[in-house]
Enquirer: 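Handing you this structure, nothing more for now.
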Amino acid sequence: MNILFASSEIFPFAKSGGLADVAGSLPKAMSEENSVEVIMPLYKFIDRAGYNIKHVMSYELKIGFVIYPVSIHSCIYEGITCWFLYSPILCDRDYLYGSGGSYSDNDVRFGIFCYGVLKWIDLTKKKLDILHLNDWQTALMAWISKQYEFNFKILLTIHNLAFQGIFSKLSMKRLGIDWRYFKMEGLEFYDKINILKAGIVYSDALTTVSPTYAEEILTPAFGCGLDGVLIANKRKLKGILNGIDTHIFSPKTDRLIAHQYDKNRLSLKQKNKRYFCEKIGFSDKMGLIIFIGRLTRQKGVDLILEAADKLSRLHINIAILGSGSIKQNELFEKMSERHKNISVTVGYDEVQARIMYAAADFLLMPSLFEPCGLNQMIAMRYGTVPIVRKTGGLKDSVHDFSLNLPGGQGICFDKPSSSELYEAVSRAISLKCDNRRFKIIKKHNMKSDFSWEKSAKEYIAIYKELLEDRDENKSGE
Ligand code: ADP
């Protein structure tokens, strides 16, 4: 099978969150028996020389009435052929999507990516069975491909339904889309254009990143306005739990942490805790809870802000790493000024994140919704026990330790309220006091399987079904 995996971010080239981790690890997991290649934009900050990225070809792209220059580049990274599409409007920016908001021309930027990739496939007569799209930035390819006579099938993975690529209807013109597609069964969404919707309607199969989230998004509470469209396309939809790259996220080999360790050398985890606590002025004798992630409503940050006063009175330290809007960042910084057991670092820092996973006793994820969430799996690999709200992928990957089930174990709570969060943190403190049990849970999590192996097989099974359909239809023609 020839698979092309298209994403707006792929680790290690560019990352803003979990999508990059998935795009960096799932193709690798599927490449044993298949030819899997990836394609992404060649943002200006990607280190071309460092990754040995070479120019391959250039061409012009006409979208609507505008002509854009485009070039294709490539490199091999960890055995995977990686393609990059460059065009100045798409790539010559400081951020992937904007800072503290979105660039207003993201429709055109990712439109160039979508049209550009398909033109490249067409120009080079690329042999392809499956085009695997990810999120709205690539979703338009599902619609564009219908304008060609391609022989491949398209699968779209929704990593987060909250990001849909909604723009004014003037985008129809900017993206060169005929007005006859501006209808409820097409790209129209409350008199605007919705690019993710184009992907949902025109792709051959849909997945999202956990079984629970796949059910949740069919309801008005989680459907972000698209639950109706998703229900109409339900037969195409499946939830497959993400995995993590267990080679990258391994405390045994992680060079970014001060002391490498495994489940039999947990005293070295304590040394990582000491190292981090000294750095930020905490005592390593107290329990340490971390939060790493975007400081947005989705991640339950309002609950943390609300519970802060009560949490500050507990015998525990809390270290937060993340960034959100300017206002949200300020609220967090002010909270840490008020409470000496809460430290906040605003920013995105891969190294700091890894140091924190290795140092902490607990990871807090009080998300209002969570399509999958990778932090909890990374944390469990590092022997850091997750405290999660039971939603989406958190529900599928973490069971409350009191149930003693296989798979991940942590502390789970139900309602998105600051009082339940506070209760959960209190339970965590009690658990930590029970040294023996705490250690058993840490070890259990460290040996649980969070790899891609099982999920990669599920993706391949969907690809195979799609190709069977294709080949049956062809032989029936
Ligand atoms: P998201 O919804 O943001 O994609 P996920 O849990 O799916 O959340 O993935 C988050 C990934 O991004 C994890 O690898 C996490 O460690 C990383 N991450 C999130 N915020 C930060 C940050 N501020 N600094 C470093 N890494 C971060």
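This structure is a prediction, so every number in the text was calculated from the model and none was measured. First listed ligand is number 1; within each ligand, the first listed atom is number 1.
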Enquirer: Distance only, no hydrogens: is a donor on one side chain within 3.5 Å (strictly under) of an acceptor on the other, for H132 and T157?
Expert: yes
Enquirer: Give me the nearest non-hydrogen protein atom to atom 4 (O) of ligand 1 as residue plus atom name, then the distance to 0.1 Å.
Expert: G18 N, 2.7 Å
Enquirer: One thing to verify: whether R427 and E423 come together as a salt bridge, which I'm taking to mean a side-chain N less than 4.0 angstrom from a carboxylate O.
Expert: no
Enquirer: Strictly by modelled atom types, are H339 and D309 linked by a side-chain donor-acceptor pair under 3.5 Å?
Expert: yes
Enquirer: Which option wins on minimum heavy-atom distance to atom 5 (P) of ligand 1: T296, T345, L374, I248?
Expert: L374
Enquirer: Please report which non-hydrogen protein atom sits nearest to atom 3 (O) of ligand 1, along with the residue it belongs to and the distance in Å to one decimal place.
Expert: R294 NE, 2.9 Å
Enquirer: Below a 4.0 angstrom heavy-atom separation, can you tell me which part of K299, side chain or backbone, both or neither, approaches ligand 1?
Expert: side chain
Enquirer: What is the closest protein heavy atom to atom 16 (O) of ligand 1, and at what distance does it sit?
Expert: Y357 OH, 2.8 Å
Enquirer: I want to confirm something. Looking only at heavy atoms, which of S367, S323, G347 is nearest to atom 23 (N) of ligand 1?
Expert: G347
Enquirer: Salt bridge check: are D400 and K390 linked by an N-O gap of less than 4.0 Å?
Expert: no
Enquirer: Which of the atoms in ligand 1, numbered in the order shown and given with their element, are less than 4.0 Å from a heavy-atom of G373?
Expert: 6 (O), 7 (O)
Enquirer: Testing the 3.5 Å rule here: is there a donor-acceptor pair between the side chains of D254 and Y357?
Expert: no
Enquirer: Just let me know how H159 lines up against ligand 1, side chain, backbone, both or neither, with a heavy-atom cut-off below 4.0 Å.
Expert: neither
Enquirer: Hey, is I292 one of the residues with a heavy atom under 4.0 angstrom from ligand 1?
Expert: yes
Enquirer: Per the ring-ring contact (aromatic ring centres under 6.0 Å, His included) rule, which among F11, F13, W83 passes with Y77?
Expert: F13
Enquirer: Relative to atom 15 (C) of ligand 1, which among I244, I378, N375 owns the nearest non-hydrogen atom?
Expert: N375
Enquirer: Using the ring of each side chain (for Trp, its six-membered ring), is Y459 parallel, tilted or perpendicular to Y463, with breaks at 30° and 60°?
Expert: tilted
Enquirer: Can you name the one residue among D105, N106, D107 that meets side-chain hydrogen bond (donor to acceptor under 3.5 Å, both in side chains) with R109?
Expert: N106
Enquirer: Between E9 and Y97, do the side chains contain a donor N or O and an acceptor N or O under 3.5 Å apart?
Expert: yes
Enquirer: Got a salt bridge between R274 and E278, using NZ or NE/NH1/NH2 to carboxylate O under 4.0 Å?
Expert: no
Enquirer: Which heavy atom of the protein is the closest neighbour of atom 11 (C) of ligand 1, given with residue, atom name and distance?
Expert: D21 OD2, 3.6 Å
Enquirer: List the closest protein heavy-atom neighbour of atom 12 (O) of ligand 1: residue, atom name, distance to the nearest 0.1 Å.
Expert: K15 CE, 3.6 Å
Enquirer: Where is the nearest protein heavy atom to atom 24 (N) of ligand 1: which residue, which atom, and how far?
Expert: D349 N, 3.0 Å
Enquirer: Among all protein non-hydrogen atoms, which one is nearest to atom 19 (C) of ligand 1, and what is the separation to 0.1 Å?
Expert: G293 CA, 3.8 Å
Enquirer: What residue and atom, counting heavy atoms only, is the protein's closest point to atom 22 (C) of ligand 1, and at what distance?
Expert: Y348 CD1, 3.4 Å
